[in-house]
Amino acid sequence: MKKITIAANWKMYLDEVSSIDFIEKLNAEKELFSNKDIIIFPSHTCIRSVKDRLNIDLKIGMQDCDIHNKGAYTGSTSISSIDIHSCIVGHSERRVIYKENNEIIAEKLGAVLSSKANPILCIGETLEEKNDNITESIIESQLSILPKDLNDRNLTIAYEPVWAIGSGDVPSNEYIHQMLSYVKNRLKSLYSDTDLDNIKLFYGGSVDANNLNDLIGIELIDGFLIGSASANFEKFKDIVKQLKL
Ligand code: 13P
């Protein structure tokens with residue numbers, strides 16, 4: 001049985017006080033949360049407080065980063081501004097709301113790969129693209145920004161259909177499996193077996209404690225990127241309780 005990763009994308013749900021409160025609740029239930037593969041992605045401004053208070057061996061990541069490392073970029077945050085485990089790039093909220101295209105996301109991916117952090121590249125089709133039957137070509141273009149060589153770096157591809165995010169509309173296991181197989185085949189055409197061993201596949205979109213058990217059954221799944229249910233301590237606890245490893 002493989003160890004499933006739970007990546008908690010808190011988005012902009014929790015302010016500093018609520019983030020600290022969440023971490024104190026986690027610390028109080030050390031037994032449940034220890035030895036699990038959990039990565040928490042707080043808002044940038046809360047990362048320091050979360051890191052300082054966390055008493056359990058969970059990992060901390062960044063939800064996004066700038067394409068630059070340092071300099072005159074008012075209001076932006078560099079990947080090298082703080083020591084973190086992972087960084088999400090290409091989330092659909094960045095693509096849709098902040099109009100980030102594949103070129104910008106490629107630069108962000110490059111910035112993460114030039115740091116010590118592990119990139120999580122989000123991909124997925126909108127409802128319109130799904131209805132137009134162009135999901136595979138959309139995924140192919142989103143994957144086209146991947147580097148030729150991973151140079152022993154870890155990479156996670158998170159398949160998050162945009163229509164499943166925050167909607168409660170979770171695709172069937174067969175649909176997710178079909179998409180992950182497509183992704184896996186693209187990756188196989190790009191990378192050596194050694195590189196492939198360093199790549200994980202996640203699913204994200206309306207995952208909660210009620211559907212997690214079913215979704216874990218998808219053969220290619222290594223983990224889940226979870227939004228709203230991960231920012232509510234009781235819901236998050238119910239999710240983590242279902243992990244066998
Ligand atoms: P929800 O779990 O709220 O649908 O969000 C998924 C997501 O966007 C994770 O990155």
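The figures here come from the full heavy-atom set of this structure, side chains too, leaving out hydrogens, waters and symmetry mates. Whatever order the structure lists ligands and atoms in, that order sets their numbers, starting from 1.
- Inspection of the Thr126 and Glu129 side chains reveals an N or O donor paired with an N or O acceptor under 3.5 Å.
- Closest to atom 9 (C) of ligand 1 among all protein heavy atoms lies Glu160 OE2, 2.9 Å.
- For NZ of Lys59, the number of neighbouring non-hydrogen atoms (other residues, nucleotides, ligands) closer than 6.0 Å is greater than 12.
- Taking a cut-off of under 4.0 Å to the non-hydrogen atoms of Ser228, the atoms of ligand 1 that pass are 1 (P), 2 (O), 3 (O).
- In summary, the atoms of ligand 1 found under 4.0 Å from a heavy atom of Lys11, numbered by their order in the structure, are 5 (O), 6 (C), 7 (C), 8 (O).
- Residue-to-ligand polar distances place Ser206 within reach of ligand 1: an N/O pair is separated by less than 3.5 Å.
- Here is the list of ligand 1 atoms found below 4.0 Å of a heavy atom in Gly205: 4 (O), 6 (C).
- Residues Ser141 and Asn102 meet the side-chain proximity criterion, which asks for heavy atoms closer than 4.5 Å.
- Both tests hold for Lys130 against Tyr175: distance to the six-membered ring centre under 6.0 Å, angle to the ring axis within 45°.
- When the options Lys2, Lys3, Lys200, Lys244 are evaluated for a salt bridge (charged side-chain N to carboxylate O under 4.0 Å, His left out) with Asp37, the one that passes is Lys200.
- Ligand-side atoms of ligand 1 in range of Gly166: 1 (P), 4 (O), range being under 4.0 angstrom from any heavy atom.
- The part of Asn9 lying near ligand 1 is the side chain, judged by heavy-atom distances below 4.0 Å.
- Closest heavy-atom approach to atom 1 (P) of ligand 1 among the candidates Gly124, Gly227, Cys122, Pro161: Gly227.
- If you look at Phe22 and Phe233, their ring centroids are closer than 6.0 Å.
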